[in-house]
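Every chain is numbered from 1 and lettered A, B, ... according to where its sequence line falls, protein lines coming before strand lines. Just so it is clear, the model here is predicted, and its values are computed rather than measured. Quick note: numbers below take in every heavy atom, side chains included, and nothing from hydrogens, waters or symmetry partners.
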Protein chains: 2
Amino acid sequence: MTSNEALTAIHAAWGVKESRQRGPRPGLSAERIVAAACELADAEGLGAVSMSRVAAALDTGAMSLYRHVPSKDHLLALMFDAMAGQAPVPVDGETWQDGIRRWASALRASYLRHSWAAQIPITGPPALPNQVHWMEAMLRSLSETGLPGTHKLGVLQLVAGYVHDDATMNVTIARRTGSGEDIGPHYAGLLRELADAQRFPALRGLVDEGVFDRADPPEEQFHFGLERIIAGVGSLLGTTKP
Amino acid sequence: MTSNEALTAIHAAWGVKESRQRGPRPGLSAERIVAAACELADAEGLGAVSMSRVAAALDTGAMSLYRHVPSKDHLLALMFDAMAGQAPVPVDGETWQDGIRRWASALRASYLRHSWAAQIPITGPPALPNQVHWMEAMLRSLSETGLPGTHKLGVLQLVAGYVHDDATMNVTIARRTGSGEDIGPHYAGLLRELADAQRFPALRGLVDEGVFDRADPPEEQFHFGLERIIAGVGSLLGTTKP
DNA sequence: CCCAATTGCGTATCTCGTACGCTCTCTGCG
DNA sequence: CGCAGAGAGCGTACGAGATACGCAATTGGG
């Protein structure tokens, strides 16, 4: 795949230059391919998504896919964009803090519905339609802050990165345990075994305290970090109350 | 690779059960394999690291590696641990804020030296020696905060995730531009083309303002986000001054 | 000394992504 | 209207990569 093909594929995702030309009517489309790939990932995880598996799901040949999607990598990027889905619409009168909370929670929910998304390699800045809409949504929520543009971008990156980390953790744990089984006690046991109290007093303090044995609900952990971020942004604005 | 082999390999990394046994003297070791793999990644990027390439660099056969490293995946995890290197030693009398700053900057420096590390898939909680040492270092810096254990862990995850995101962004940009070329103007051009001002007023505001054309130095951006996090943690402690 | 454990690694297999090129189907142009 | 060319589908083939299996050589223990 050349960078021209990548650019062409990005334009295609935005619906640019969709005019019909010569040739047979396509039986396939990028949309159908992405949908089939996402269904496969939902059912069996990202590792199951190969060009031949996707093609089989569409009852077609693997090489046919390349007429519509320039590469496997690009298919993954399109899947990521599909996962993100529709960005939340900013609410009038809403505080920027609540805007961030709603935005982050909505994105987290998308990741939870399609946990494989967090495993997709990041290959560039947001360029596909849904992602760019998500950017817009956050930037609108930050409008009232009056922060300079670079800082708004910084906040966007901070929050988006945080949600992505949360999703990475969730999918990692799910893959390790297969189901909702708790990974904490196993990890605590391993740390007890390998990290002696002499060299690792602080860590062992937490282990012995049972912190890893009874983790907070994932939702709570998520909000803890998010509130740190929101408070941190607030401090930039001389805001004492988040 | 079974989970028993994974556990055995983790123990090996910690130097557990290193007693010599029957059989020929090993000409190879996990350490040598990891070092060769890291050198290869440093020279040509993570994509160049295959078992055969690593073996070739060691003048041995690819299958020999499997006596010392259970899988390619585990080799990647070991490389990540090697990249992290020695954790910083906490400084007596240092504020927790400065502790976080020093910790984050040191970790960022490691990532910058081996940018490929950010591309290594995350497959589980920190279990290898260096990573666990980094955990200990952060937890020690957080000791004086008096935060409950779960919150200390939350802060550790927040900061570590943030540094990882920063590193991911850096390696992504470097791979897109090949060198230190600025990606901003290209991205701005693309956004101007695809994101019209009507549907994307906030984003286009930033684009037209030139925010993407002249990015802040990466170091500055890094510290902006880090200071948001530190301030957010501070707010938890009723600290008004970071 | 013999047997068992360990190391090195050759052979083979399977999976995967995709380049190349052929055939068939449409459309635009002369 | 007819035809050349563009585009869709996809078969064949290839290279690359990870790694299972098993053989030969080297050690240590009984």
Item to complete: Would you mind reading off the distance between B/L65 atom CG and D/dA18 atom P, rounded to a whole angstrom?
Response: 10 Å
Response to the item:
From the candidates C/dC9, D/dG9, C/dT7, the one with an atom nearest any side-chain atom of B/M63 is C/dC9
Worksheet item: Under 3.5 Å, is there a donor-acceptor pair linking the side chains of A/D165 and B/H164?
Response: no
Worksheet item: What nucleotide among C/dC9, D/dT12, D/dG9 has an atom nearest to a side-chain atom of B/R67?
Response: C/dC9
Item to complete: Calculate the interatomic distance between A/R25 atom CZ and D/dA8 atom C1'; express it in whole Å.
Response: 13 Å
Item to complete: Using heavy atoms and a sub-4.0 Å distance, could you list which residues of residues 27-55 of chain A are near DNA chain D? By number, please.
Response: A/G27, A/L28
Discussion item. Suppose the criterion is salt bridge (Lys or Arg N to Asp or Glu O under 4.0 Å): which pairs have a residue in residues 110-129 of chain B, not counting sequence neighbours?
Written reply: none
Item to complete: Compare side-chain N and O positions of A/H68 against OP1 and OP2 of D/dG9 and report whether any pair is under 4.0 Å apart.
Response: yes
Fill in: OP1 or OP2 of D/dG9 under 4.0 Å from side-chain N/O of A/S64
no
Fill in: Shortest side-chain distance from B/R22, nucleotide among C/dT18, D/dG29, C/dG10
D/dG29
Worksheet item: Would you say A/S64's side chain and A/G61's backbone share a donor-acceptor pair under 3.5 angstrom?
Response: yes
Item to complete: Using atom CG of B/L76 as one end and atom P of D/dG17 as the other, report the distance to the nearest whole Å.
Response: 14 Å
Practice prompt. Round to a whole Å and report the spacing from CG of B/D59 to C1' of C/dG8.
Written response: 13 Å
Discussion item. Within this structure, what is the CD-CG distance for the pair A/E5 and A/L7, rounded to the nearest 0.5 Å?
Written reply: 11.0 Å
Worksheet entry | Options D/dA25, C/dT18, D/dT19, nucleotide nearest the side-chain atoms of B/Y66 | D/dT19
Item to complete: Could you walk me through whether B/H186 and B/F212 pass ring-ring contact (aromatic ring centres under 6.0 Å, His included), step by step?
Response: CA-CA 9 Å; B/H186 289 278; B/F212 294 100; over 10 Å; no
Worksheet, complete the sentence: Output for pair (A/Q157 CD, A/M138 CE), nearest 0.5 Å, gives 11.0 Å
Fill in: Closest nucleotide among D/dT19, C/dG17, C/dT25 to the B/A62 side chain
D/dT19
Practice prompt. Side chain of A/P26 only, please: which of D/dA18, C/dC9, D/dA8 is the nearest?
Written response: D/dA8
Worksheet item: Starting at CG of A/L58 and ending at C1' of D/dA8, how long is that distance when rounded to a whole Å?
Response: 15 Å
Discussion item. Can you see whether A/H11 engages B/E193 through a side-chain donor-acceptor pair at a distance of less than 3.5 angstrom?
Written reply: yes
